[in-house]
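One structure is given here, and the rest of the page talks about it.
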Amino acid sequence: MSKGLLGIIAAIVICVGLMFSSYNGLVSMNENVTGKWAQVENQLQRRNDLVPNLVNTVKGYANHETEVFKQVSDARAKLGGAQTVAEASAANNEMTTALGRLLMVAENYPDLKSNTNFIQLQDELAGTENRIAVARRDYNSAVQAYNARIKSLPASLYAGAFGFTARDYFKADEAAQKVPQVKF
């Protein structure tokens with residue numbers, strides 16, 4: 001064999017080896033994104049599980065606030081039925097708005113604000129909201145790294161052929177850009 005042919009074979013072997021290595025990296029990054037999304041869903045489910053207890057506690061004090069309770073219930077149902085990142089993001093924004101209204105209703109009932117169950121549930125909800133924020137940040141960081149990798153050379157040359165497509169970010173609602181007003 002000539003040196004030229006050996007060089008070509010060596011170059012092909014190196015290219016194939018790099019492609020396999022890069023492919024395995026893409027698989028790993030894709031699984032990381034999927035795992036991070038599972039954590040977001042886990043925290044959203046935790047909030048969904050807390051909401052009925054919070055609603056029932058507030059209902060005991062504010063029986064006539066049915067519209068707020070319906071909004072929370074509807075938002076909870078949408079969040080539970082979300083199938084995609086975009087649907088979950090939209091449902092999460094609705095839930096955040098509905099919970100804000102529920103907590104505003106609670107402000108009108110001084111006895112409720114001092115109720116131990118309400119305070120504990122409110123603390124649990126605040127902790128859950130923080131966990132959701134962390135899980136969303138981690139998910140979006142993983143999506144950013146993954147999307148950058150599949151758009152960079154050499155992975156961009158074959159990522160689409162192997163089914164690696166860009167993943168969606170978990171986005172906040174445009175209304176989240178506004179500063180909330182707290183009125184007493």
Side-chain angles (χ1 to χ4, degrees), residues 28-147 165-184:
S28 179
M29 291 180 88
N30 188 46
E31 287 301 312
N32 184 42
V33 170
T34 301
K36 297 292 186 188
W37 177 246
Q39 285 304 311
V40 170
E41 288 181 320
N42 183 27
Q43 295 308 321
L44 293 175
Q45 183 61 50
R46 176 183 162 85
R47 179 171 65 178
N48 254 5
D49 293 343
L50 285 172
V51 167
N53 294 326
L54 184 65
V55 168
N56 287 334
T57 301
V58 174
K59 268 185 184 178
Y61 286 86
N63 288 329
H64 61 282
E65 306 285 356
T66 56
E67 181 181 336
V68 172
F69 301 134
K70 183 177 181 341
Q71 289 172 346
V72 171
S73 178
D74 291 348
R76 184 173 180 265
K78 285 180 184 177
L79 190 57
Q83 298 295 317
T84 65
V85 173
E87 289 175 1
S89 185
N92 176 63
N93 293 332
E94 279 188 46
M95 177 63 85
T96 299
T97 301
L99 286 174
R101 289 186 186 122
L102 179 67
L103 294 175
M104 285 176 33
V105 166
E107 288 294 324
N108 293 326
Y109 297 90
D111 291 341
L112 175 60
K113 289 191 298 187
S114 64
N115 179 287
T116 307
N117 288 339
F118 178 74
I119 292 169
Q120 181 182 4
L121 288 167
Q122 197 172 17
D123 287 345
E124 285 287 327
L125 191 59
T128 299
E129 293 299 324
N130 289 335
R131 289 176 181 176
I132 290 170
V134 169
R136 284 176 53 175
R137 183 194 66 218
D138 291 348
Y139 170 77
N140 283 341
S141 292
V143 168
Q144 180 184 18
Y146 170 78
N147 286 349
T165 58
R167 301 286 291 263
D168 293 331
Y169 287 97
F170 193 101
K171 296 178 184 173
D173 187 26
E174 289 179 17
Q177 301 294 327
K178 297 177 186 172
V179 177
Q181 293 183 358
V182 179
K183 296 179 182 178
F184 294 102

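The structure presented is a predicted model; accordingly, all values stated were derived computationally and were not measured. For reference, positions follow the sequence shown, starting with 1.
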Measure the spacing between [atom1] of [X] and [atom2] of [Y] and express it to the nearest 0.5 Å.
X    : Y    : atom1 : atom2 : value
T97  : L102 : OG1   : CG    : 12.5 Å
R46  : E124 : CZ    : CD    : 5.0 Å
Q45  : I132 : CD    : CD1   : 10.5 Å
R167 : N147 : CZ    : CG    : 8.5 Å
L99  : L50  : CG    : CG    : 10.0 Å

Flag the pair E129 / L125 as yes when at least one side-chain heavy-atom distance between them is below 4.5 Å, and no otherwise.
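Yes, at least one pair of side-chain atoms sits under 4.5 Å.
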Measuring only between side-chain heavy atoms, which start at C-beta, is L44 closer than 4.5 Å to V40?
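L44 reaches V40 side chain to side chain.
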If we ignore hydrogens and angles and just use 3.5 Å, is the side chain of N42 paired with the main-chain N or O of A38 as donor and acceptor?
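Between the backbone of A38 and the side chain of N42 there is no qualifying donor-acceptor contact (under 3.5 Å).
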Answer yes or no: is there a donor N or O on one side and an acceptor on the other, between the side chain of S89 and the main chain of V85, under 3.5 Å?
no
What heavy-atom pair brings [X] and [Y] nearest, and what distance separates the two atoms?
X    : Y    : result
V33  : A142 : CG2-O, 3.4 Å
E87  : G81  : OE1-O, 4.2 Å
Y139 : D168 : OH-O, 2.7 Å
F170 : R136 : CD2-NE, 3.0 Å
N48  : R76  : O-NE, 2.6 Å
V72  : M95  : O-CE, 4.2 Å

salt_bridge(D74, K70) N-O dist < 4.0 Å:
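K70 and D74: salt-bridged.
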List the steps and the verdict of side-chain contact (heavy atoms from CB on, under 4.5 Å) for N93 and K171.
CA-CA 9 Å; N93 293 332; K171 296 178 184 173; over 6 Å; no
Classify the side-chain pair N92/R47 by whether it contains a donor and acceptor separated by less than 3.5 Å.
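A donor-acceptor contact under 3.5 Å links the two side chains.
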Side chains of N140 and Q144, donor plus acceptor under 3.5 Å
no
